[in-house]
Number of protein chains: 2
Amino acid sequence: MVRSDARENRARILAAAREAFAEDDGTSMNRIAQLAGVGPGTLYRNYPSREALILEIYQEEIERLVDAVPVLLAESSPVQALRRWTLDLVAGMRRKHAFGAALSPDTHQSIAARSYGPVIAAITRLLEAGKSDGSIRADAEPVDFLQLTGALWRAAPDRAEPMLALILDGLGSRPSS
Amino acid sequence: MVRSDARENRARILAAAREAFAEDDGTSMNRIAQLAGVGPGTLYRNYPSREALILEIYQEEIERLVDAVPVLLAESSPVQALRRWTLDLVAGMRRKHAFGAALSPDTHQSIAARSYGPVIAAITRLLEAGKSDGSIRADAEPVDFLQLTGALWRAAPDRAEPMLALILDGLGSRPSS
DNA sequence: GTCGACCGCGGAGACCTCTCCACAAGATAC
DNA sequence: GTATCTTGTGGAGAGGTCTCCGCGGTCGAC
């Protein structure tokens, strides 16, 4: 049985976090706990790390992104779709810096199943589309691609597009070594 | 005039930091200050951030890397040289995690002139070699390449090589969009 | 030597992340 | 309604980063 006050607390934390992150992307966990009127212990029991909390908050953003895939694939060639999708993802990461950080480093395997999984699935679908019409090399790996995406996000804004172009060219050519 | 005790302190800090980082890559700044027998204030006045300190420590590593460039270029084709050099860099970053972190994110422009500059110069030289014999596209940007390198470092060890291969293929192909 | 002027010191302290556990407050059984 | 069991609480605290500033040690002038 889930205790009723527990569920309530969780909701309050989420609300507080949403508000806090909206006005300052770098809010401290402390502050969120305080805003939510709970102790740090409670905050951390619900979300064992800052990333976990952030990913929960940006869940909708992720769903939006994932849902866009079929549309893009219907409208453009696989490579174009991948380009547009990736630029969208990077823009999202950039808009909310915390989101980029959470989706990038080592968060992976462990916590992020709910967000990381779908994102990888989306990339997989895009890559598959390209593989089956031959416009993307067969050995392309979704996880690698996401990792490279992290570099785009970290780079200066005006470099994201050229860097992505380079990566896409790399994905297009047949393996050389 | 530089006060004598100041210079001495700086030396002690560096020695302590080298030792501390050697035995634990994640040592706290606190601990280093303590080891060096100075207050945190002094530590931070000399090295305004953790990255600054790390870059100072791994200066030799960087020099080694930079010096290897001409040798590699003499031995192999530009693309091969670039591949070997980059794998070496990534290995270094991985060996000393802190080093990778310091060379990657936003540290750039500001602090890292002494380390960042030479690394970019090395990459520039490698890319130029490839551009002049036509094996690397003319619009390749050293800074972009270093950024992508960060992704290699963050990725799982066994993915670095395939990812690099993909990037190199991208660098080889002529711009498509 | 002696004496200011001033540079650099280092610790106190503000604020952070994250853990641990004595205790309080729901849920359940009767 | 009461007793009991269980789940979750929240704050104290360990350890971190980084800043600020009163005070003491150094250096150049004499």
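Every chain is numbered from 1 and lettered A, B, ... according to where its sequence line falls, protein lines coming before strand lines.
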Provide the full list of salt bridge (Lys or Arg N to Asp or Glu O under 4.0 Å) pairs with a residue in residues 67-78 of chain A, sequence neighbours left out, each pair given once.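 As it turns out, the salt bridge (Lys or Arg N to Asp or Glu O under 4.0 Å) pairs with a partner in residues 67-78 of chain A, which skip direct neighbours, are Glu75(A)-Arg84(A).
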How close or far is atom [atom2] of [N] from atom [atom1] of [X], stated in whole angstroms?
X: Asn30(A); N: dG10(D); atom1: CG; atom2: C1'; answer: 12 Å
X: Leu43(A); N: dC20(C); atom1: CG; atom2: C1'; answer: 16 Å
X: Asn46(B); N: dC9(C); atom1: CG; atom2: C1'; answer: 11 Å
X: Glu8(A); N: dA24(C); atom1: CD; atom2: C1'; answer: 16 Å
X: Arg10(B); N: dC9(C); atom1: CZ; atom2: C1'; answer: 15 Å
X: Tyr44(B); N: dC21(D); atom1: OH; atom2: P; answer: 18 Å
X: Arg31(B); N: dT17(D); atom1: CZ; atom2: P; answer: 12 Å
X: Tyr47(B); N: dT17(D); atom1: OH; atom2: P; answer: 17 Å

So if you build clusters from Ile, Leu, Val, Met, Phe, Trp, Tyr with side-chain heavy-atom gaps below 4.5 Å, do Leu168(B) and Leu87(B) land together? yes
Report each atom pair, protein N/O against N/O of nucleotides 10-13 of chain C, whose distance is under 3.5 angstrom.
{"unit_1": "dG10(C)", "atom_1": "OP2", "unit_2": "Thr42(B)", "atom_2": "OG1", "d": "3.4"}
{"unit_1": "dG10(C)", "atom_1": "N7", "unit_2": "Thr42(B)", "atom_2": "N", "d": "3.3"}
{"unit_1": "dG10(C)", "atom_1": "N7", "unit_2": "Thr42(B)", "atom_2": "OG1", "d": "3.3"}
{"unit_1": "dG11(C)", "atom_1": "O6", "unit_2": "Gly41(B)", "atom_2": "N", "d": "3.4"}

Check each residue of residues 13-29 of chain B for a non-hydrogen atom within less than 4.0 Å of any atom in DNA chain C, then write out the ones that pass by number, or none.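 Per residue number, the list is empty: none.
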Could you note down all residue pairs passing ring pair (Phe, Tyr, Trp, His ring centres under 6.0 Å) where residues 56-83 of chain A supplies at least one of them, sequence neighbours left out?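 Sorted result for residues 56-83 of chain A: Tyr58(A)-Phe99(A).
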Side-chain donor or acceptor of [X] paired with backbone N/O of [Y] under 3.5 Å:
X: Thr124(A); Y: Pro142(A); result: no
X: Asp169(A); Y: Ser173(B); result: no
X: Arg12(B); Y: Ala36(B); result: yes

Could you write out each protein N or O paired with an N or O of nucleotides 25-27 of chain C at a distance under 3.5 Å?
{"unit_1": "dA25(C)", "atom_1": "N3", "unit_2": "Arg3(A)", "atom_2": "NH1", "d": "3.3"}
{"unit_1": "dG26(C)", "atom_1": "O3'", "unit_2": "Ser4(A)", "atom_2": "OG", "d": "3.4"}
{"unit_1": "dA27(C)", "atom_1": "OP1", "unit_2": "Ser4(A)", "atom_2": "N", "d": "3.3"}

Heavy-atom closest pair, residues Leu127(A) and Glu141(A):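 Distance-wise, the nearest heavy atoms are CD1-C, 4.0 Å.
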Glu161(A) atom CD: more than 12 heavy-atom contacts under 6.0 Å: no
Decide, yes or no, whether a salt bridge links Glu23(B) with Arg31(B) under the criterion of side-chain N to carboxylate O below 4.0 Å.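 Answer for the salt bridge query: yes.
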side-chain contact (heavy atoms from CB on, under 4.5 Å) partners for Arg45(B), two or more places apart: Thr42(B)
For Asn30(A) and Ser28(A), which I'm curious about, is there any donor-acceptor pair between the side chains at under 3.5 Å?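 Side chains of Asn30(A) and Ser28(A): no pair found under 3.5 Å.
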